[in-house]
Amino acid sequence: MAKKNIDFKKIEEKWRKFWEKEEIYKFNPKSKKPIYSIDTPPPTVSGRMHIGHAFSYSQEDFIARFRRMKGFNIFYPFGTDDNGLATIRLIEREKKVKAFDLGREKFIKLVLETLKKELRPEYIADWKNIGMSCDWNIFYTTIDKHCQKITQRSFIDLYKSGREYRKKTPFMWCPECQTSIAQVEMRDKNMKSNFVYIKLDTSLGKSITIATTRPELMPACVAVHVNPSDKRYKKFIGQKAKLPLFNHEVEICANEDVDIEFGSGAVYHCTFGDMDDVEWINKMKIEPIEVMNKDGTFNEKAGKYKGMKSEKAREEIINDLKKLGVIEKIEPIEHVVNVHERCDTPIEILMTEQWFIKYLDLKKQMLVWGNKLEWYPEYMKVRYNNWIKGLKYDWSISRQRYFGVPIPVWYCKKCGEIVLPEESQLPVDPLKDKPKKKCKCGSDEFEGEKDVLDTWATSSLTPDIVRELMPKNLKAKLYPMSLRPQAHDIITFWLFNTVVKGNLHHNKNPFKDVMISGFVLDSKGKKMSKSKGNVIAPQEIVSEYGADALRFAAAGGKLGEDISYQEKDVVTGKKFITKLINASKFVFMNLKDYKPKKPKKLEKLDEGFLIELDRTIYLATSYFEDYEYSRAKFNAENFFWKFFCDFYLEAVKGRVYNGTKREKESAFYTLYTSLLAILKMMAPFTPFITEEIYQNYYKKNEKDKSIHISAWPKQDFVKKIEKWDDKNIKSHANELTLFVTLLTQIRAEKTKAKKPMNAECILTINKINYEDLKEVLEDLKNVTNAKEIKSGKQFKVEF
RNA sequence: GGUCCCGUGGUCUAGUGGUUAUGACAUCUCGUUUACACCGAGAAGAUCGCAGGUUCGAUCCCUGUCGGGACCACCA
């Protein structure tokens with residue numbers, strides 16, 4: 001009897017330790033094998049690994065393992081991304097502190113210590129537990145000195161090539177976190193507000209009514225806009241409007257962007273209520289009026305509202321306007337406000353000094369770069385292209401935070417000149433370190449840049465980061481990398497940014513192939529999120545079913561497509577593993593100390609079966625080469641279950657037990673080689689159990705220390721066939737096909753007669769089939785337990 | 001609003017210009033046969049979202065439409 005429960009936890013731990021100790025996945029810098037390099041995504045340290053990670057990292061690992069077995073020297077590093085805002089938030093939450101209260105130095109120290117001692121090791125363990133075959137010694141964290149150095153060097157290079165500039169510019173700002181924020185960090189939120197209609201006096205004598213949700217920005221009003229085709233307002237164009245309370249006058253301008261239907265059809269233009277306002281000052285070359293401080297309070301230009309925050313000021317100003325009698329009406333509305341996703345604070349737009357990478361001029365080239373990549377699946381390229389076509393701003397790379405890679409710049413206190421560090425100094429902290437030389441003006445007093453770089457500025461350099469961990473002579477071989485695996489949500493960020501930086505620095509794409517994975521949705525097809533309470537922890541799956549079972553499920557969906565998580569898929573994985581163990585046990589129960597040797601002549605059935613195996617190997621291999629791991633798995637699994645277990649093992653039992661020496665030799669050889677091929681084809685998916693079986697039964701005859709560094713099976717057990725199609729199968733395996741068809745019919749008859757499968761019977765088969773099956777009749781007799789097989793007119797099963 | 005993806009038995013899903021349209025789970029029947037009952041054999045169950053078109057032939061290609069999802073933009 002088989003053990004009811006396989007102790008997969010013990011098995012998995014055993015082999016994980018073995019792989020580590022024997023350095024099975026170590027990248028060998030001296031090897032002459034071709035290199036296959038993977039630009040592993042560095043997961044953001046933000047708690048624990050979630051199921052989306054577990055699936056997508058499993059998926060890239062399938063590829064790594066396949067390529068390793070195909071004879072490549074695998075360069076598969078691992079890093080963690082811990083320099084971003086996510087980390088700041090995590091530490092603030094875990095340690096119950098606020099970065100800005102603690103102060104810069106103390107906070108950085110706390111973050112680094114907490115990461116090193118508590119968070120990172122626990123976090124990385126999750127990745128090791130799902131069986132990733134990285135070389136864990138090629139490791140980086142995006143905040144370490146090495147990454148800082150490369151990030152800063154990139155900054156300096158781009159500055160020197162004229163690609164970077166600093167500019168005071170309207171920028172999305174979170175008054176709560178006191179930092180500029182990127183588009184990605186914003187979220188839409190439905191909020192209740194009031195749409196306030198305010199009458200403004202004009203130089204035309206008549207009043208004009210504007211509608212706004214932000215009346216408190218009135219001191220920053222720079223113009224009133226109306227649509228030139230709006231009959232109501234045509235006559236106002238070019239006139240002046242006077243703002244109540246503040247009594248300054250602004251021009252009434254024509255602007256086609258204005259929606260005639262919306263509100264009153266007249267917009268008052270403040271600096272800044274939203275991104276439209278920004279666009280309009282650029283378009284119309286209007287000088288903004290800055291009324292807000294970085295903490296969200298109004299400054300002296302807001303008059304009596306100075307010191308108040310938006311909400312309070314809004315309340316007050318509405319009251320004051322009411323008193324003046326200039327409010328026409330107030331409509332309560334619900335509208336969407338951009339809030340900072342981390343703290344839910346509505347975004348303000350302020351004038352701030354920011355650093356940019358100039359790249360809007362490169363749109364055409366960007367499209368060319370994207371086109372040179374091999375996209376798997378192909379259609380994902382469209383997302384990249386659309387993103388580029390819609391780009392409106394240069395890449396803002398500065399962030400006002402305490403924790404991150406410092407921008408390596410000093411400003412001369414005397415002349416304001418920008419001074420950069422020398423490469424040998426890197427990484428620098430401009431707040432602590434000093435330039436090596438005096439400023440051109442002779443001064444040696446500098447002010448260090450306080451801002452840090454956007455986390456994408458670092459993660460867009462992963463190909464450089466990882467190859468520079470290696471000896472210098474490999475640098476050229478590791479660029480471009482072979483594969484960038486990642487999920488589709490960050491095509492427009494990580495992938496795009498890396499392509500841009502790679503081309504700016506090296507005039508070459510940073511990788512050749514791009515494999516895009518989908519999301520994991522819940523069983524109903526909805527995105528998992530903590531607020532919905534539908535989150536599934538991969539750690540629990542691993543603990544209940546094992547990593548192999550989880551990986552098996554991860555190999556299920558179509559490439560690039562979101563898959564909905566079904567626990568039953570993991571259960572299927574576990575059943576597969578059990579089946580594999582049982583089948584292997586049976587094979588070696590009979591093979592015992594068999595030494596593999598190809599017999600001079602194979603039995604016809606064995607030959608047919610091996611042809612089918614050849615075809616399966618062909619399919620699995622070509623699918624894997626196209627990154628279609630799910631199809632590769634499907635074919636290998638199907639072959640194992642349907643062909644190997646349900647068909648071949650049953651069919652060959654007779655010969656295995658009672659065959660002649662020659663019959664046995666053929667059967668043994670076929671069992672031995674086909675099971676090994678199956679194990680190898682499944683090894684990328686279920687690395688633990690295939691290793692266990694390999695070590696238990698095959699190791700003594702096979703030279704490789706681990707199945708994972710053994711050679712991928714070749715499709716030449718019978719005859720090398722370049723391309724398999726229906727014709728090939730028919731011409732090569734007609735006996736087998738006929739055999740299977742007949743067997744199915746006989747089994748159906750037995751079931752219909754309510755007989756067990758080993759019930760004795762007398763078979764009559766069609767004369768033509770009988771002739772075709774001459775060489776496999778004995779096997780058919782065995783598997784059906786037929787006393788006799790007769791040739792006749794009609795197919796018949798008698799008991 | 002733009003772009004992309006998806007819509008296949010009760011559920012999840014594979015796939016294809018001509019197939020008896022794949023598999024898993026669930027359902028039903030039978031079977032304990034020297035690997036496995038976490039098993040085997042078999043049955044039932046799908047007008048391949050809907051409507052047009054192209055074609056000798058469409059589930060597959062095209063157009064429209066409805067439904068689901070994702071990304072982006074907008075929301076004064």
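Numbered from 1 within each chain, the chains take letters A, B, ... in sequence-line order. The analysis underlying the following values was restricted to heavy atoms, covering all of them including side chains, and did not include hydrogens, waters or symmetry mates. Just so it is clear, the structure is predicted and the values come from calculations on it, not from any experiment.
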Check: For B:rU34, which nucleotide in any strand shown is its Watson-Crick or wobble partner with both distances under 3.5 Å?
Finding: none
Next item on the list: Can you tell me, in whole Å, how much space there is between the C1' of B:rG17 and that of B:rG53?
Entry: 15 Å
Notebook entry, point to check: Under the salt bridge (Lys or Arg N to Asp or Glu O under 4.0 Å) test, which residues partner A:Lys199, sequence neighbours left out?
Noted result: none
Check: Between B:rU55 and B:rA26, how far is it from one C1' atom to the other, in whole Å?
Finding: 40 Å
Margin query: I'd like to know if the side chain of A:Asn371 pairs up with that of A:Lys381 as donor and acceptor (distance under 3.5 Å, no hydrogens or angles considered).
Written below: yes
Check: Is the shortest side-chain N/O distance from A:Lys389 to OP1 or OP2 of B:rG2 below 4.0 Å?
Finding: no
Checklist line | Euclidean distance, atom CD1 of residue A:Ile693 to atom P of B:rC36 [Å, nearest integer] | finding: 15 Å
Check: Hey, does A:Ser564 reach any base, or is it just sugar-phosphate, or nothing, if we go heavy atoms under 4.0 Å?
Finding: sugar-phosphate
Checklist line | Interatomic distance at C1', B:rG45 relative to B:rU27, whole Å | finding: 9 Å
Note to self: What contact category does A:Leu649 fall into here, base, sugar-phosphate, or nothing, at under 4.0 angstrom with non-hydrogen atoms?
What the structure shows: base
Checklist line | Most 5' of A:Val587 and A:Gln566 on RNA chain B, judged by nearest nucleotide | finding: A:Gln566
Margin query: Quick check on A:Glu311: does its CD atom have over 12 non-hydrogen neighbours (other residues, nucleotides or ligands) under 6.0 Å away?
Written below: no
Next item on the list: Assign a letter to each nucleotide of nucleotides 17-26 of chain B from its 5' end: B, base within under 4.0 Å of a protein heavy atom; S, sugar-phosphate only; -, no contact.
Entry: -----S-BS-
Item checked: Base partner of B:rC48, which must satisfy Watson-Crick or wobble distances under 3.5 Å -> none
Checklist line | Integer angstrom distance from the P of B:rA21 to that of B:rU59 | finding: 12 Å
Donor-acceptor contacts under 3.5 Å from residues 490-497 of chain A side chains, at least two apart:
residue  : atom : partner  : partner atom : Å
A:Trp494 : NE1  : A:Ser459 : O            : 2.7
A:Asn497 : ND2  : A:Phe493 : O            : 3.0

Check: What class does the angle between the rings of A:His225 and A:His269 fall in, given that below 30° is parallel, 30 to 60° is tilted and above 60° is perpendicular?
Finding: tilted
Note to self: I need the CH2-P distance between A:Trp641 and B:rA14, as an integer number of Å.
What the structure shows: 20 Å
Note to self: Counting the benzene-type ring for Trp, do A:Phe195 and A:Tyr197 have ring centres under 6.0 Å apart?
What the structure shows: yes
Next item on the list: Please find out if less than 6.0 Å separates the ring center of A:Tyr648 from that of A:Phe643.
Entry: no
Margin query: I want to check one thing: is the phosphate of B:rG15, taken as OP1 and OP2, less than 4.0 Å away from some side-chain N or O of A:Arg631?
Written below: yes
